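Taking it in order: structure first as structure tokens, then the write-up.
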Protein chains: 2
Amino acid sequence: MGTNGHASTLGEVAALAGVSKATASRAINGRHKVSPQAQAAVLDAVRELGYTPNGAARSLVTRRTGSVAVILPESDERVFTDPFFARLLHQVARSLREHDLQLVLLLAQPGDETRLLTYLRGRYVDGAVVASHHRDDHLAEHLSDVGLPCVFIGAPWTGGERVSVVDSDNTGAATQAVRVLLESGRRRIATIAGPGDMRAGHDRLQGWRQQLEAAGLDSSLVAFGDFTEDSGAAACAQLLDAAGDLDGIFAASDLMALGAMRELESRGIRVPDDVAIVGYDDLGVAERTRPPLTTLRNPIGEMATEAVRILLEAIDHGGRGAPRRVVFVPELVRRDSV
Amino acid sequence: MGTNGHASTLGEVAALAGVSKATASRAINGRHKVSPQAQAAVLDAVRELGYTPNGAARSLVTRRTGSVAVILPESDERVFTDPFFARLLHQVARSLREHDLQLVLLLAQPGDETRLLTYLRGRYVDGAVVASHHRDDHLAEHLSDVGLPCVFIGAPWTGGERVSVVDSDNTGAATQAVRVLLESGRRRIATIAGPGDMRAGHDRLQGWRQQLEAAGLDSSLVAFGDFTEDSGAAACAQLLDAAGDLDGIFAASDLMALGAMRELESRGIRVPDDVAIVGYDDLGVAERTRPPLTTLRNPIGEMATEAVRILLEAIDHGGRGAPRRVVFVPELVRRDSV
DNA sequence: TTGAAAGCGGTACCAA
DNA sequence: TTGGTACCGCTTTCAA
């Protein structure tokens with residue numbers, strides 16, 4: 001802006017540069033031929049006036065804002081505590097940067113999705129990556145109604161056929177976890193499951209159960225957590241109280257595994273000697289537990305990158321085009337907790 | 001949007017309702033008198049078409065977007081790890097909700113502030129709350145140049161006179177911490193300081209030093225961390241190696257204090273018997289350490305609320321009006337680490 | 001290569 | 001209360 005309080009306009013830049021608004025616009029955006037003199041004059045004027053285009057005016061005609069949202073319909077407690085989100089955002093931001101897009105993070109408090117949807121319908125962003133959604137938020141339907149290009153990380157409960165999703169094979173990974181436990185001779189294998197209203201929680205539980213049933217073993221040793229450390233400790237306590245003879249635990253997140261190990265330690269139960277444990281995620285904490293945790297690597301970084309790729313494609317195609325579906329396969333990381 | 005891919009416009013709504021665009025607009029925004037029939041007709045049309053106003057078009061004339069940014073020029077690692085941010089965002093979101101404003105979070109990776117500033121200049125948000133800023137980001141000057149209403153939580157290094165700031169008395173709080181240590185008879189008091197390029201880090205170090213010098217004691221026992229737990233452990237190790245006889249520590253964050261306690265424990269040093277320790281923040285972790293941590297309560301919630309209040313005021317006044325300044329006083333919370 | 005002018009989709013003024 | 005209309009600030013035809 002100039003020395004006074006008002007932001008300068010393209011008209012003023014044009015006037016100062018002695019060209020038309022059209023030419024000024026072309027000089028600034030640089031996608032068209034402009035004579036060197038005009039170019040220079042405009043750029044000087046821009047600098048002198050401290051001009052930046054008004055986003056609303058520009059968006060109104062280009063139908064682009066230059067920003068992409070990451071929507072996290074999750075309690076801030078978890079968002080700011082689980083490395084999953086840090087990794088996700090880090091990677092999304094990285095990918096967006098290459099395309100010169102601004103990342104805006106929208107934390108949707110469960111309950112007030114109305115304002116969020118209004119915002120999204122207002123087209124203040126060009127598209128959205130959604131992660132950590134829950135059964136009841138119906139985000140897939142809503143976003144599909146809104147017509148905003150979007151990609152879900154992890155399949156939504158409902159409406160999944162209407163949006164693109166980048167997923168990972170949670171069920172398969174969980175069966176792998178149980179297999180490792182079985183191979184080390186464990187027979188009383190419990191699970192600390194994630195929230196039942198989240199796909200990842202549900203599917204990992206599913207995998208655990210499938211594999212146990214296939215082995216003809218008891219699949220009733222379940223306690224639920226919400227992916228946080230404390231919830232893992234609590235679930236573990238519950239499990240131990242109910243089945244003192246358990247010898248293996250599959251925790252649906254490393255954080256919960258960590259909590260469980262804390263609980264085990266406090267009861268003088270040794271890992272892996274007395275109880276073996278397998279986690280899920282491998283986003284740093286698994287390396288630092290004592291003993292280091294055998295876990296499944298959640299390919300969240302790759303998923304984020306792919307999600308952005310698909311999203312940008314959708315945005316380029318104006319949101320038309322069939323929903324895409326990609327599945328990544330988590331891999332087992334062997335450490336010392338089994 | 002309708003059954004096809006294009007979002008409907010106010011004109012279409014008006015046509016369907018059999019009224020003018022002007023009336024349709026009034027019916028939708030409801031700040032003007034509109035006859036009941038017109039009102040109903042418009043609302044029906046809106047519903048039928050699934051209409052939502054185009055944000056860009058609206059913003060272009062109202063000069064409002066209905067959203068406010070929280071800018072965090074901080075590594076995602078810290079943002080997603082320090083309860084400070086969770087608390088801050090929780091409170092800001094709460095306050096904004098009352099005014100029906102959407103919170104958008106902007107994580108500024110150090111280095112690429114250019115895109116962020118372009119975004120802000122584009123006026124995609126009505127204002128911004130800035131926290132966790134560093135010496136080199138010069139955000140205060142930049143935002144003041146941009147002319148965007150903003151409030152800083154914690155004074156910026158430079159340009160502080162040009163923006164509103166909500167601060168807390170870090171220096172005073174640190175002197176208090178040292179006083180507690182002195183009162184319990186400690187004489188070799190070290191500090192684990194925060195980053196030197198952050199006001200909070202700098203000021204707390206300052207307070208520690210002042211109080212020690214006032215007491216005629218050695219004020220050379222300093223190690224730096226970055227507010228994270230690991231950095232606290234490392235700093236503590238460093239301190240212990242340099243001065244095995246230290247009997248008190250003031251850590252500039254509870255997370256660093258926690259790391260320090262971990263290190264002390266691993267060396268068999270007892271808290272508070274051998275070494276007393278005072279933290280800073282009291283955002284939950286201090287209650288859960290063993291022993292519970294004596295600390296200074298960082299009034300971040302109150303600061304956030306106040307920041308939003310000031311910001312909304314500034315937005316209402318069109319960004320004119322003198323910068324405001326408010327200082328909160330942290331209070332001592334006595335627990336068992338001293 | 002350049003400029004004039006027509007929108008983009010709303011809001012708000014003014015007159016009726 | 002309502003409708004006509006002039007913008008908001010920018011991009012993009014279309015002609016020159």
Side-chain angles (χ1 to χ4, degrees), chain A residues 1-2 5-43 45-46 49-66 118-119 121-124 126 147 318, chain B residues 1-2 5-43 45-46 49-66 118-119 121-124 126 147 318:
Chain A
M1 63 174 185
H6 103 282
S8 48
T9 71
L10 184 61
E12 296 171 11
V13 170
L16 182 57
V19 300
S20 70
K21 277 165 54 181
T23 302
S25 174
R26 291 190 273 250
I28 288 169
N29 293 309
R31 256 185 310 283
H32 293 268
K33 278 148 227 326
V34 172
S35 69
Q37 312 88 290
Q39 183 73 260
V42 171
L43 262 36
V46 165
L49 262 30
Y51 168 79
T52 350
N54 175 307
R58 177 179 269 182
S59 298
L60 185 52
V61 23
T62 60
R63 270 114 208 302
R64 281 283 200 296
T65 64
T118 305
Y119 182 82
R121 264 194 295 259
R123 282 293 190 284
Y124 288 105
D126 295 336
Chain B
M1 63 174 184
H6 103 282
S8 48
T9 69
L10 184 62
E12 296 171 12
V13 170
L16 182 57
V19 299
S20 70
K21 276 169 52 181
T23 302
S25 175
R26 291 180 194 116
I28 289 169
N29 293 309
R31 253 187 308 283
H32 293 269
K33 278 148 228 323
V34 173
S35 69
Q37 311 88 294
Q39 183 71 261
V42 171
L43 260 35
V46 165
L49 264 30
Y51 167 80
T52 353
N54 176 308
R58 180 178 265 184
S59 297
L60 185 52
V61 24
T62 61
R63 271 120 206 300
R64 281 285 200 294
T65 64
T118 305
Y119 181 81
R121 264 193 294 258
R123 283 294 188 283
Y124 288 103
D126 295 335

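Letters go in sequence order (proteins before strands), and every chain restarts at 1. Note that the structure is a prediction, hence the values are computed from the model and not measured.
- Along DNA chain D, the nucleotide closest to B:H32 and the one closest to A:H32 are compared, and the more 5′ of them pairs with B:H32.
- Ranked by how close their nearest DNA chain D nucleotide is to the 5' end, B:K33 and B:A57 are led by B:K33.
- For B:S35, counting side-chain heavy atoms from C-beta on, the closest listed nucleotide (D:dT1, C:dT11, C:dT2) is D:dT1.
- Taking CG of A:N54 as the reference point, atom CZ of B:R63 lies at 6.5 Å (rounded to 0.5 Å).
- Note on B:A38: only backbone sugar-phosphate atoms sit closer than 4.0 angstrom, heavy atoms only; bases stay farther off.
- Between A:V19 and A:R26 the shortest side-chain heavy-atom distance does not fall below 4.5 Å.
- For A:S20, whose side chain is taken as the heavy atoms from C-beta onward, the closest listed nucleotide among D:dC10, C:dA4, C:dG10 is C:dA4.
- Rounded to the nearest 0.5 angstrom, A:Q39 CD and A:T23 OG1 are separated by 10.5 Å.
- Taking the side chain of A:R26 as heavy atoms from C-beta on, and the options D:dT13, C:dC14, C:dG10, the nearest nucleotide is D:dT13.
- Residue B:L60 contributes atom CG, which lies 14 Å from atom P of D:dC7 at whole-angstrom precision.
- Closest contact between the side chain of B:T23 and the listed nucleotides D:dT2, C:dT2, D:dG9 involves D:dT2.
- Distance CZ (B:R64) to P (D:dC8): 18 Å, rounded to an integer number of Å.
- The shortest side-chain heavy-atom distance between B:V42 and B:V34 does not fall under the 4.5 Å cut-off.
- When rounded to the nearest whole Å, the span between CZ of A:R121 and P of C:dG10 equals 13 Å.
- Close to C:dT11, at under 4.0 Å from its OP1 or OP2, lies a side-chain N or O of B:R58.
- The listed nucleotides are C:dG10, C:dC8, D:dG4; the one nearest the side chain of A:R63 is C:dC8.
- Taking the side chain of A:T9 as heavy atoms from C-beta on, and the options D:dC10, C:dT2, D:dT11, the nearest nucleotide is D:dC10.
- The A:K21 side chain lies nearest to D:dC10 when the options are D:dG3, D:dC10, C:dG3.
- Taking atom CG on A:N54 and atom C1' on D:dC7, their separation rounds to 14 Å, with Å as the unit.
- In this structure, B:L10 atom CG and D:dT5 atom P are separated by 17 Å, rounded to whole Å.
- In this entry the distance linking OH of B:Y124 with C1' of D:dG9 reads 12 Å, nearest Å.
- B:N29 has its CG atom 7 Å from the P atom of C:dA12, to the nearest Å.
- Between B:L10 and B:Y51, the closest side-chain pair of non-hydrogen atoms falls below 4.5 Å.
- Between B:E12 atom CD and C:dG9 atom P the separation is 9 Å, expressed in whole Å.
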